[in-house]
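One structure below.
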Amino acid sequence: MTEIEITGDLVRDLLREQHPDLAGLAIREVAGGWGNQMWRLGNELAVRMQRMDSTPELQFKERRWLPVLAPRLPLPVPTPVRFGEPSERFPKHWTVMTWVPGEPGDHGSINRGAHAADTLAGFLRALHVAAPAEAPIAKDRGAHPKDCTGGFENFFQAVAPDDIAADVRAVWDDAVAAQVWEGPPVWVHGDLHPANVVVSDGTLSGIVDFGDLFAGDPAWDLAAAWVLLPAGTASQFFDTYAHADEATMRRARGLAAMKSLFLMLMGQNGDRGLPGGKPHWGPAGRAALDRVLKGV
């Protein structure tokens with residue numbers, strides 16, 4: 001799919017056409033983003049532009065469900081305030097959202113580990129409630145680990161360090177053997193990794209990018225206990241969350257191993273100059289993998 005060049009001038013022109021009352025606000029590009037590109041709009045808003053995503057489905061999902069979820073979540077999340085429709089100037093969808101202040105987690109750091117563990121646990125307790133029947137179902141994620149072995153193997157073969165490969169596989173095999181989620185499908189963010197959280201003052205301060213939101217197994221989010229939090233805080237996270245049984249924790253730990261390998265692969269791709277690669281994700285993925293292997 002051909003990438004459309006998105007510039008500040010294009011964003012302003014689109015606002016003039018469809019939301020002229022916002023066109024006078026300052027526009028600044030936000031680094032990062034692959035499927036969508038973000039532009040800061042004034043101090044309190046952002047414009048989310050569909051870029052490499054082949055369909056607007058993820059934006060539609062955020063438009064539909066974030067206004068429902070946001071009021072009961074204890075951390076700021078981006079909430080749609082205006083919709084941009086395809087036009088001759090830009091043939092894709094775009095959305096004006098509230099801006100979540102802070103620094104992306106992959107460029108910031110969490111040094112108040114206990115606070116961050118309690119904050120993330122509180123957020124996920126509030127999010128992980130039974131979802132309505134019309135909630136979106138997961139497509140490329142959300143399955144039990146036993147149904148994700150192909151993805152795990154791809155990442156494992158590409159980047160698993162030889163010295164810990166056997167230990168990583170043991171964690172994964174344990175997750176594959178764990179009992180399936182038997183509770184009701186709950187709301188799941190689905191893509192909690194460092195670039196999709198916001199940090200400030202050494203702790204978590206917001207959650208972004210709900211394009212993968214689905215109803216299903218909370219283990220997909222609970223993996224963040226190892227992927228996002230500093231070493232030694234996973235046990236506190238699970239104590240505060242207080243709703244994860246042993247099988248769910250086993251699935252979560254295996255999924256955390258897979259997500260860590262994915263971050264390492266994105267880092268490797270970045271080192272090789274491949275599209276979408278993120279060089280700084282490699283060290284973050286390896287650190288997360290070390291936390292997974294140490295357990296709680």
Side-chain angles (χ1 to χ4, degrees), residues 6 8 11 15 19 22 25-51 53 56 58-84 93-113 115-128 187-214 220-221 223-225 227-230 237 263 278 280-281 284:
I6 302 170
V11 174
L15 288 167
H19 299 286
L22 302 179
L25 295 172
I27 296 173
R28 289 161 286 166
E29 185 173 4
V30 178
W34 174 247
N36 291 277
Q37 187 171 357
M38 295 281 286
W39 293 77
R40 186 89 181 263
L41 181 62
N43 290 324
E44 298 178 357
L45 299 173
V47 182
R48 189 166 167 83
M49 310 282 289
Q50 183 190 341
R51 184 169 67 172
D53 282 351
L58 303 187
Q59 280 202 41
F60 289 167
K61 192 191 296 188
E62 291 187 323
R63 290 180 182 184
R64 168 71 180 88
W65 293 109
L66 278 174
V68 175
L69 296 173
R72 60 177 176 77
L73 297 175
L75 284 176
V77 301
T79 308
V81 295
R82 303 283 184 90
F83 299 159
H93 290 80
W94 48 281
T95 307
V96 180
M97 324 271 286
T98 56
W99 174 255
V100 178
E103 194 172 17
D106 61 332
H107 290 285
S109 62
I110 294 174
N111 49 45
R112 294 164 60 200
H115 186 279
D118 287 343
T119 301
L120 180 61
F123 176 84
L124 292 179
R125 278 189 63 146
L127 177 63
H128 291 169
W187 282 115
V188 178
H189 177 283
D191 197 22
L192 289 177
H193 61 69
N196 285 344
V197 300
V198 175
V199 299
S200 55
D201 299 322
T203 190
L204 280 176
S205 56
I207 308 289
V208 298
D209 196 346
F210 285 73
D212 287 306
L213 183 74
F214 65 85
W220 279 81
D221 283 352
V227 175
L228 294 179
L229 297 175
F237 166 84
L263 293 174
K278 312 270 188 185
H280 61 295
W281 284 18

Inter-residue atom distance Ile110.CD1 - Leu229.CG, 0.5 Å rounding: 6.0 Å
Mind running side chain to side chain contact (heavy atoms under 4.5 Å, CB included) on Val227 and Leu263 for me, showing each step along the way? CA-CA 9 Å; Val227 175; Leu263 293 174; 4.1 Å; yes
Please name the pair of heavy atoms, one in Gln59 and one in His93, separated by the smallest distance, quoted to 0.1 Å. NE2-O, 3.3 Å
Straight-line distance of Thr203 OG1 to Leu120 CG, nearest 0.5 Å: 9.5 Å
Are side-chain heavy atoms of Val96 and Pro80 found at a separation under 4.5 Å? no
Step by step, work out the side chain to side chain contact (heavy atoms under 4.5 Å, CB included) result for Val197 and Leu75. CA-CA 10 Å; Val197 300; Leu75 284 176; over 6 Å; no
Val77 and Ala70: which non-hydrogen atoms are nearest, and at how many Å? CG2-CB, 3.7 Å
Indicate yes or no for a side-chain donor-acceptor contact from Arg112 to the backbone of Asp201 under 3.5 Å, with no hydrogens or angles considered. yes
I want to check something: taking the side chain as every heavy atom from C-beta on, are Asp209 and Glu62 in contact at a cut-off of under 4.5 Å? yes
Quick check on ring-ring contact (aromatic ring centres under 6.0 Å, His included): which of Phe214, Trp65, Trp220, Phe210 does His189 satisfy it with? Phe210
Measuring only between side-chain heavy atoms, which start at C-beta, is Met38 closer than 4.5 Å to Val208? no
Mind running side chain to side chain contact (heavy atoms under 4.5 Å, CB included) on Leu213 and Leu69 for me, showing each step along the way? CA-CA 11 Å; Leu213 183 74; Leu69 296 173; 3.8 Å; yes
Point-to-point distance, once rounded to the nearest 0.5 Å, from OG1 of Thr95 to CZ of Phe60: 8.0 Å
Using a 4.5 Å cut-off on heavy atoms from C-beta on, say whether the side chain of Asp221 contacts that of His128. yes
For the residue pair Lys61 and Asp212, what are the closest heavy atoms and their distance? NZ-C, 3.7 Å
Leu66 side, atom CG; Met97 side, atom CE - distance, nearest 0.5 Å: 5.5 Å
If you apply the rule side chain to side chain contact (heavy atoms under 4.5 Å, CB included), what do you find for Ile207 with Leu127, and how did you get there? CA-CA 11 Å; Ile207 308 289; Leu127 177 63; over 6 Å; no
Can you tell me how far apart NE2 (His19) and CG (Leu25) are? Round to the nearest 0.5 Å. 12.5 Å
Would a 4.5 Å heavy-atom cut-off, applied to side chains only, mark Trp94 and Val11 as touching? no
Sequence-distant partners of Asp118, side-chain contact (heavy atoms from CB on, under 4.5 Å), two or more places apart: Gln236, Thr240
Test of understanding: with side-chain contact (heavy atoms from CB on, under 4.5 Å), list the residues that count as partners of Arg28, not counting sequence neighbours. Arg40, Asn43
Listing, residues 98-109 side-chain donor-acceptor contacts under 3.5 Å, not counting sequence neighbours, or none:
residue : atom : partner : partner atom : Å
Thr98   : OG1  : Thr79   : N            : 2.8
Asp106  : OD2  : His280  : NE2          : 3.0
Asp106  : OD2  : Trp281  : NE1          : 3.0

